[in-house]
Amino acid sequence: MDRQKAIKAIEDLLDALGEDRTREGLKDTPRRVADAYAELLSGEGQTAEEHLSKTFTSDCGDMVLEKDIAFSSTCEHHLMPFFGKIAIAYIPDGKVVGLSKLARTVEVFSKRLQLQERLTSQIADEIMRCLAPKGVMVVCEAEHTCMTCRGVKKAGSKTLSYCTKGDFPADKKKDVFELLK
């Protein structure tokens with residue numbers, strides 16, 4: 001990110017809104033907003049491979065489920081936050097990964113301009129690519145502030161998306177949804 005360009009853009013936005021950006025409360029706002037976006041979009045250019053490459057041999061053939069992985073992301077349509085929880089279930093095929101690595105994978109993909117559906121799919125794709133499990137399922141439930149704070153203004157509404165890859169049997173899919181209740 002070009003920090004100086006971002007600061008200038010925020011200054012221009014404040015000017016366009018008719019604000020006096022020299023007043024005390026706004027004096028450092030352009031820098032703070034640029035710093036915030038640098039943090040919110042820190043996953044851009046990163047890959048989850050570094051996190052998912054540290055695996056352990058395991059003859060566990062049953063499903064592994066990590067749920068309630070909290071995340072926040074930024075909607076690419078309105079540049080507003082969306083946030084929620086993600087669950088990742090996979091059926092190992094000889095190797096497993098440390099549980100923190102699944103949460104780190106969520107961070108890599110959520111910290112960029114994003115769509116919920118793409119986020120869900122990217123996580124599943126990367127787990128399939130790096131772990132080569134028999135199958136994977138990713139479930140994402142999120143609240144979008146572009147829908148709750150503006151536009152239709154339906155506070156508390158949530159969107160659920162899920163993605164399965166590989167051989168993820170229907171009975172296992174049912175188990176995941178049951179375990180998420």
Side-chain angles (χ1 to χ4, degrees), residues 1 37-56 58 60-148 151-152 154 156-181:
M1 179 173 104
Y37 272 103
E39 181 181 337
L40 293 170
L41 305 178
S42 62
E44 197 58 55
Q46 289 187 13
T47 173
E49 186 171 15
E50 65 182 279
H51 305 297
L52 295 173
S53 63
K54 176 75 172 135
T55 60
F56 307 96
S58 174
C60 166
D62 213 348
M63 182 175 65
V64 175
L65 171 66
E66 184 171 350
K67 65 180 193 168
D68 295 331
I69 304 169
F71 79 94
S72 64
S73 193
T74 305
C75 168
E76 70 180 30
H77 293 149
H78 300 98
L79 299 183
M80 293 185 71
F82 68 97
F83 55 91
K85 293 186 178 178
I86 290 180
I88 300 172
Y90 70 100
I91 303 168
D93 192 12
K95 59 184 177 179
V96 294
V97 69
L99 297 177
S100 70
K101 306 309 182 193
L102 296 175
R104 291 184 190 283
T105 298
V106 170
E107 286 296 297
V108 165
F109 291 108
S110 65
K111 296 301 182 201
R112 45 180 82 171
L113 292 178
Q114 198 54 280
L115 297 174
Q116 179 176 336
E117 300 85 349
R118 183 187 317 123
L119 170 64
T120 307
S121 179
Q122 286 175 329
I123 294 167
D125 286 341
E126 196 71 351
I127 290 170
M128 282 301 290
R129 189 177 75 76
C130 293
L131 297 183
K134 293 176 184 171
V136 65
M137 180 176 181
V138 177
V139 180
C140 178
E141 182 177 59
E143 185 171 328
H144 294 252
T145 60
C146 57
M147 191 170 146
T148 62
V152 72
K154 296 299 177 196
S157 63
K158 297 204 171 112
T159 301
L160 182 77
S161 58
Y162 72 93
C163 177
T164 56
K165 302 278 181 175
D167 182 17
F168 204 91
D171 63 322
K172 295 288 186 199
K173 192 184 299 187
K174 183 180 173 197
D175 289 346
V176 168
F177 283 119
E178 196 60 40
L179 291 166
L180 294 179
K181 285 184 181 176

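Basis for what follows: all heavy atoms, side chains included, without hydrogens, waters or symmetry-related copies.
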[atom1] of [X] to [atom2] of [Y]: how many Å apart, nearest 0.5 Å?
X	Y	atom1	atom2	answer
E50	C130	CD	SG	10.5 Å
F168	C163	CZ	SG	11.0 Å
E141	I86	CD	CD1	11.0 Å
S100	E66	OG	CD	8.0 Å
T164	M137	OG1	CE	6.5 Å
Y37	S42	OH	OG	14.0 Å

What verdict does the side-chain hydrogen bond (donor to acceptor under 3.5 Å, both in side chains) test give for S73 and Q114, after you've listed the backbone C-alpha separation in whole Å, the side-chain angles of each residue and the deciding distance to 0.1 Å? CA-CA 7 Å; S73 193; Q114 198 54 280; 5.4 Å; no
Tell me whether the count of non-hydrogen atoms from other residues, nucleotides or ligands lying under 6.0 Å of NZ in K67 goes above 12. yes
Tell me if a side-chain donor or acceptor on S53 pairs with a main-chain N or O of E49 at a distance below 3.5 Å.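 It does hold such a pair.
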Would you check if [X] and [Y] make a side-chain contact, meaning some heavy-atom pair closer than 4.5 Å?
X	Y	value
P133	M128	yes
K101	T55	no
V139	L160	yes
Y90	L65	no
H77	L115	yes
I127	L102	yes
H144	T159	yes
F109	D125	no

Any idea which heavy atoms bring [X] and [Y] closest together, and the distance?
X	Y	value
V108	A48	CG1-N, 3.9 Å
F71	S110	CD1-CB, 4.0 Å
D167	I91	O-CD1, 4.0 Å
K172	M63	O-SD, 4.2 Å
E143	S157	CG-O, 3.6 Å
D62	P92	O-CD, 3.1 Å

For the pair Y162 and F177, name the ring-plane relationship: parallel under 30°, tilted 30 to 60°, perpendicular over 60°.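 Y162 vs F177 ring planes: perpendicular.
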Salt bridge E107-R104, side-chain N to carboxylate O under 4.0 Å: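 A salt bridge is absent here (no side-chain N lies under 4.0 Å from a carboxylate O).
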Is it true that R112 and E76 make a salt bridge, defined as a side-chain N closer than 4.0 Å to a carboxylate O? no
Side chain to side chain contact (heavy atoms under 4.5 Å, CB included) between L79 and L113, intermediate numbers included: CA-CA 8 Å; L79 299 183; L113 292 178; 3.4 Å; yes
Could you give me the CA-CA distance, side-chain angles and deciding distance for K95 and F56, then say whether side chain to side chain contact (heavy atoms under 4.5 Å, CB included) is met? CA-CA 5 Å; K95 59 184 177 179; F56 307 96; over 6 Å; no
For side-chain hydrogen bond (donor to acceptor under 3.5 Å, both in side chains), just list the numbers for K111 and T74, CA-CA rounded to whole Å, side-chain angles, deciding distance to a tenth of an Å, and then say yes or no. CA-CA 7 Å; K111 296 301 182 201; T74 305; over 6 Å; no
Applying side chain to side chain contact (heavy atoms under 4.5 Å, CB included), run through T105 and I88 and close with a yes or a no. CA-CA 10 Å; T105 298; I88 300 172; 5.6 Å; no
Side chain to side chain contact (heavy atoms under 4.5 Å, CB included) assessment of K154 paired with T148: CA-CA 5 Å; K154 296 299 177 196; T148 62; 5.8 Å; no
